[in-house]
Amino acid sequence: MHNIKELRKNLNIFKKKLADRNFVLDIDEFEKLDENNRNLINEKEKLEQEKGVLSKSKNEANFEKSKKISQKILEISKKQIDSQKKLDDLMQILPNISQDDVPVGKDKNSNKLIKQFGKIKEFSFKIKSHVEIGSKFNQIDFDTATKLSGSRFVILKNHIALLERALINFMLDIHTIKFGYTEISPPLIVNADVMFGTGQLPKFEEDQFEIKFENSEQRKFLIPTAEVSLTNLVRKSVINEDHLPQRFVASTPCFRKEAGSYGKDTKGMIRQHQFYKVELVSIVKPQDCNSELERMVSCAKQVLDELELPYQVILLSTGDMGFSADKTFDIEAWIPSENKYREISSCSSCGTFQARRMGAKYKSKKGKEFVSTLNGSGLAVGRLMIALLENNQNEDGSITIPNVLKKYMNNLDKI
């Protein structure tokens, strides 16, 4: 969320910055809601002061007057609660504003290519997709998964299932041993407050899997990404400045309805309702946000470098970034069957945007200040498998296992 005081002072700047994010801020509506809310708060406070003065008086004639003021305070309080909710509803759907060096544009067409890495392999035979590769050995099974769960699910078997587990362990070792992230095994079910903290609610409720519990006072959701659980580890807390930065990594299943992707990537494992992802989260001081973002991107790139897979890094435009982000780099791996790069990681700085929603602060020499949060895929497991299977395929249909992965694959040379 944004600081409402900053919003009041810089309305026109916010309107322009939000327009860059494809969000139209109605200044008149905001000012009307804000002014009405503040007037009600002031009116309530004046009546409370008046009541306070009367309560000190021993004059019985003031008792009835105090009673009437109490009733009026109650009426105004109800109006103010309603007014505050309307203002909060508006504030909660405002996306984060971008950093100044983020390219301005409505969509992905304005994204900026930073650099390409690795050499794209030339094949002397007809390339197979990961679907064809998996189907040949009956190790990637979409048909049975559809019988069990519907579309956008998959069953992995034998060596492909082992490959999934191997990639997870390989990435966790890189991020914990090489880069010092603390491994976390977080809950996969969280409450609505936690989903609100990282920006999934209320704006993106239709994309979430909600769990129905009998007699539950709280709404519960399956996590769409471990970012939700990891970032909220610091919610409603004040961290000592000496304990920053904090860096977390987790491998979890992720659950998404993909509500806005009807007709997109309906075949294969690119876009699933359930998938594994290794997620990175950093909690830092605001001044360290950009350097931490560069570090996080480097950590994600290391995985692809060690697996010797070709990829590129993209700086997303204002119109292509996620709701909570103020700057995002995407890492896209080369997918031979599609003859193009596809997103395999998205690393974002969120500034203090999520911290304000969570109430996460740190204690500095100036006092208590909001922390900054960052998150990134390190990497998406399903898409990494696709890239590895397709880039490492051989003419006989086998898959060559990268050297760094063999110890996680029972020393197999090929699948």
Side-chain angles (χ1 to χ4, degrees), residues 117-118 130 154 156 159-186 188 223-231 233 245-256 269-270 272 274-282 292-313 328-335 341-348 374-392 399-412 415:
F117 301 83
H130 71 281
V154 67
L156 304 180
H159 290 136
I160 302 296
L162 174 60
L163 177 62
E164 180 180 58
R165 177 159 52 92
L167 286 170
I168 290 170
N169 290 334
F170 168 66
M171 288 189 281
L172 287 174
D173 281 353
I174 285 179
H175 297 311
T176 55
I177 297 170
K178 190 161 191 171
F179 296 118
Y181 284 84
T182 299
E183 184 175 355
I184 304 291
S185 179
L188 303 182
I223 59 169
T225 164
E227 169 204 343
V228 175
S229 301
L230 296 181
T231 309
L233 290 176
Q246 294 187 7
R247 300 183 177 110
F248 308 118
V249 62
S251 167
T252 66
C254 304
F255 306 91
R256 298 180 188 177
M269 296 193 300
I270 285 287
Q272 298 275 282
Q274 175 186 314
F275 58 94
Y276 276 97
K277 182 155 64 80
V278 173
E279 184 73 2
L280 307 173
V281 162
S282 295
E292 185 68 17
L293 180 58
E294 296 286 345
R295 183 187 190 277
M296 184 175 282
V297 172
S298 295
C299 295
K301 285 168 53 182
Q302 185 69 32
V303 175
L304 294 167
D305 287 336
E306 294 199 21
L307 293 173
E308 299 181 349
L309 293 172
Y311 65 95
Q312 65 182 17
V313 178
T328 298
F329 289 101
D330 270 8
I331 302 174
E332 300 177 339
W334 179 254
I335 307 298
Y341 293 95
R342 295 296 297 257
E343 178 198 334
I344 200 167
S345 172
S346 192
C347 297
S348 298
L374 302 96
N375 63 79
S377 311
L379 307 160
V381 181
R383 294 191 178 196
L384 181 56
M385 275 204 300
I386 292 171
L388 193 150
L389 290 171
E390 294 196 10
N391 282 282
N392 286 28
I399 308 298
T400 300
I401 305 299
N403 288 330
V404 294
L405 209 57
K406 288 180 181 178
K407 70 177 182 177
Y408 300 93
M409 290 285 294
N410 299 330
N411 294 314
L412 285 175
I415 294 176

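Model, not experiment: these values are computed from the prediction.
Summarising the geometry, atom CG belonging to Leu293 is positioned 7.5 Å from atom OG1 belonging to Thr328; distances are rounded to the nearest 0.5 Å. We find the CG-CG distance between Leu230 and Asn375 to be 9.5 Å, quoted to the nearest 0.5 Å. Rounding to the nearest 0.5 Å places CD1 of Ile168 at 4.0 Å from OG of Ser251. With rounding to the nearest 0.5 angstrom, the CG atom of Leu307 is 10.0 Å from the CD atom of Gln302. Taking OG1 of Thr225 as the start and NZ of Lys277 as the end, the distance is 3.0 Å to the nearest 0.5 Å. Separating the OH atom in Tyr408 from the CE atom in Met171 is a distance of 11.0 Å, to the nearest 0.5 Å.
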| side-chain contact (heavy atoms from CB on, under 4.5 Å) between Glu306 and Leu405: does it pass, once the steps are laid out? | CA-CA 9 Å; Glu306 294 199 21; Leu405 209 57; over 6 Å; no
| request: Give the intermediate values and the outcome of side-chain contact (heavy atoms from CB on, under 4.5 Å) for residues Cys254 and Gln274. | output: CA-CA 6 Å; Cys254 304; Gln274 175 186 314; over 6 Å; no
| Glu279 vs Thr252, side-chain contact (heavy atoms from CB on, under 4.5 Å): CA-CA, chis, key distance, verdict | CA-CA 8 Å; Glu279 184 73 2; Thr252 66; over 6 Å; no
| request: Determine, stepwise, if the pair Leu156 / Met269 fulfils side-chain contact (heavy atoms from CB on, under 4.5 Å). | output: CA-CA 11 Å; Leu156 304 180; Met269 296 193 300; 3.9 Å; yes
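Scanning all heavy atoms of the two residues, the minimum distance from Ile335 to Glu390 falls at CG2-OE1, 3.3 Å. For Ser377 against Ala380, the heavy-atom pair with the smallest separation is CB-N, 4.1 Å. Nearest heavy atoms, His175 versus Ala300: CE1-N, 4.4 Å. Closest approach of Phe248 and Tyr181 over heavy atoms only: O-CD2, 3.4 Å. Between Lys301 and Val313, the shortest heavy-atom contact is CD-CG2, 4.1 Å. Residues Leu389 and Ile399 share a closest heavy-atom pair of O-CD1, 3.3 Å.
Looking only at distances, a side-chain donor or acceptor of Arg383 sits under 3.5 Å from a matching main-chain atom of Glu343. Judged purely by atom type and a 3.5 angstrom limit, Asn391 has no side-chain atom pairing as donor or acceptor with the backbone of Pro310. Not one N or O on the side chain of Arg256 forms a donor-acceptor pair closer than 3.5 Å with the backbone of Phe275.
Aromatic ring pairs are classed by plane angle as parallel below 30°, tilted from 30° to 60° and perpendicular above 60°; the pair Tyr311 and Phe117 is parallel.
Atom CD of Glu308 is surrounded by 12 or fewer heavy atoms from other residues, nucleotides or ligands within 6.0 Å. At most 12 heavy atoms of other shown residues, nucleotides or ligands fall within 6.0 angstrom of atom OH in Tyr276. When the shell of 6.0 Å around NZ of Lys407 is examined, it contains 12 or fewer heavy atoms from other residues, nucleotides or ligands.
Glu292 and Ser282 share a side-chain donor-acceptor pair at under 3.5 Å. A side-chain N or O of Ser346 and one of Asp330 form a donor-acceptor pair less than 3.5 Å apart.
Looking at Leu280 and Arg247, their side chains never come closer than 4.5 Å, going by heavy atoms from C-beta outward. At a threshold of 4.5 Å between non-hydrogen side-chain atoms, the residues Ile401 and Asn411 do not count as touching. Side-chain contact check for Leu309 versus Trp334: every heavy-atom pair is 4.5 Å or farther apart. The shortest side-chain heavy-atom distance between Phe179 and Arg295 falls under the 4.5 Å cut-off.
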